[in-house]
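Reminder, nothing fancy here: chain letters follow the sequence lines and each chain counts from 1.
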There are 2 protein chains.
Amino acid sequence: MTAALPTYCTAEGCMWAPCGETGLPSRCPHAYDGPMPDRHTLTETEAAVSEHVGHLPLDFAAAHAISSLYRAANAARAHLTTTVLREHDLTWTSFVVLWVVWIWDGMETRHVAESAAISKATLTGVSKTLEQRGWLTRTTGEQDRRLVNLRLTDAGRTLMEELYPKFNAAEAQLITGLSPAAVTEMTTSLRRVVEAAEDTQTG
Amino acid sequence: MTAALPTYCTAEGCMWAPCGETGLPSRCPHAYDGPMPDRHTLTETEAAVSEHVGHLPLDFAAAHAISSLYRAANAARAHLTTTVLREHDLTWTSFVVLWVVWIWDGMETRHVAESAAISKATLTGVSKTLEQRGWLTRTTGEQDRRLVNLRLTDAGRTLMEELYPKFNAAEAQLITGLSPAAVTEMTTSLRRVVEAAEDTQTG
DNA sequence: GCCCGGTCGTTTGGGTCCAAACAATATAGA
DNA sequence: TCTATATTGTTTGGACCCAAACGACCGGGC
């Protein structure tokens, strides 16, 4: 993992960061006093990590890839929340739940949880919040009373019809820096990551 | 977004899902009775979405990419939590915080929050949890008493020296399905997504 | 008909998550 | 020296997150 790292010194030729902070080993001779760029070169991060566990074989490509994956997911969620969801008092997860229930015209909670990639415990909480707000209803199954079925209300369907195009437009904004071929390739690679994670879970 | 979707009917030629559930418009004439594969073809999802907002121009490539991104990030976090972090009672975020403080030999809370991509409010809570467990200390700045500095304890450093190689090995497991060139390309594309999200935030 | 094993959703307990509001602190300018 | 503005971290309130435990329910086997 190479989680986004603090500012490095902008002084000419200086590669350490962040200096000027109390308590840091003083690798950097320059006091930090500028605005903070928020990105670190890979080389600097690898250097810092190697100082700690450099005697071990580390897979920097994997670390960098997973850290980028996590950051991109967070950035995407923040973007979609800020531009589309927050004004409707929705979180990413509550929107995903609404979306799944919407496109399949109702669904049982165990399947919604699976589709939304959240636990059933979480799904119970989220669906109760959405029920309280009037976006969906929860109904016990008639043939199997263990099951709870979710359906959008009229208000919920209207909300999704208005919201989903905006959400999708905001999704499209996130890939403007990529060619169509690059988008396809990234999506394929991400699926491989999911498959690898699931293989080790099941294995 | 095409969040992972529920099982579709496995009956020959049948493309609707998930049938057999109470409350669903009965598009599918087959009762569902098999184990549940957990993936839907893109075509089926697009068909379902188009039924709801098909009159609008939708960017399915963007939807699919962002949904894959979110799923991959969740799968990666679940994998790393299950295989490495949970036995040490650590969450993904608490680990990221420890890692950042570790590789930079101490850091101020505002920078740790930025590096870990979490808010300062969250960082306060997480760092207090880690302090309670003895992994790090929180110290008020001497020159600027608004600032709080985090440093790992001896136990915290020992924990990271033991844990990080295992964490990195688990990270490497996640990209076994990708060639080195594909990993590099995916990482580059993910960075583009982060940049696009940040451009619209600032703009 | 009864019992057992399994599944479902909920509850519990504790952790993370963030926006907004707040208190403490620092700094610049008059 | 005083005031105003800005920055920092914390608190508040509410939402989400999940493992584990639990109660309700279902279905198979005897």
Taking CD from B/E131 and C1' from C/dT16, how many angstroms apart are they, rounded to a whole number?
18 Å

May I ask you to verify if any side-chain N or O of A/T129 is less than 4.0 angstrom from the OP1 or OP2 atom of D/dC16?
yes

Below the 4.0 Å mark, does D/dT11 have OP1 or OP2 next to a side-chain nitrogen or oxygen of B/K128?
yes

Looking only at side-chain atoms of A/A121, point me to the closest of D/dC18, C/dG9, C/dT16.
D/dC18

Are side-chain heavy atoms of A/H64 and A/S68 found at a separation under 4.5 Å?
yes

Compare side-chain N and O positions of A/T109 against OP1 and OP2 of C/dC8 and report whether any pair is under 4.0 Å apart.
no

Taking for each residue the nucleotide of DNA chain C with the nearest heavy atom, is it B/R77 or A/L123 whose nucleotide lies nearer the 5' end?
A/L123

Which one, D/dT11, C/dC18, C/dG9, comes nearest to the side chain of A/T124?
C/dG9

Closer than 4.0 Å, any side-chain N/O of B/T122 to the OP1 or OP2 of C/dC18?
yes

Between B/T81 and D/dC18, is there a contact of a side-chain N or O with OP1 or OP2 at under 4.0 Å?
no

Min side-chain heavy-atom separation A/L159-A/L90 under 4.5 Å
yes

In whole angstroms, how far is the C1' atom of D/dG9 from the NZ atom of B/K120?
6 Å

Figure out the CG/C1' separation between B/D89 and C/dG13, and round it to whole Å.
12 Å

Does either side chain, that of B/T187 or that of B/T184, offer a donor lying less than 3.5 Å from an acceptor on the other one?
no

Minimum side-chain heavy-atom gap B/F95-B/L80 below 4.5 Å
no

Students often get this wrong, so: under 4.0 angstrom with heavy atoms, is A/T93 touching a base, only sugar-phosphate, or nothing?
sugar-phosphate

So does A/R145 get a side-chain nitrogen or oxygen closer than 4.0 Å to the phosphate oxygens (OP1/OP2) of C/dT7?
no

Check ion pair B/E162-B/K166 (N to O, under 4.0 angstrom):
yes

Nucleotide nearest B/R86 (side chain, heavy atoms from C-beta), chosen from D/dA19, D/dG9, C/dC17:
D/dA19

Between A/Q132 and B/V148, the residue closer to the 5' end of DNA chain D by nearest nucleotide is B/V148

Can a side chain N or O of A/T91 be found less than 4.0 Å away from OP1 or OP2 on D/dC16?
yes

To the side chain of B/D144, which of D/dC16, D/dA19, C/dT25 is closest?
C/dT25

Among C/dG9, C/dG15, C/dT16, the nucleotide that comes nearest once only the side chain of B/S94 is considered
C/dT16

Sugar-phosphate only, base, or nothing, as touched by B/I118 at under 4.0 Å among non-hydrogen atoms
sugar-phosphate

At under 4.0 Å, does any side-chain N or O of A/R146 touch on OP1 or OP2 of D/dA24?
no

What I'd like to find out is whether the side chain of B/H79 reaches to under 4.5 Å of the side chain of B/Q173, using heavy atoms alone.
yes

Figure out the CH2/C1' separation between A/W92 and C/dA19, and round it to whole Å.
20 Å

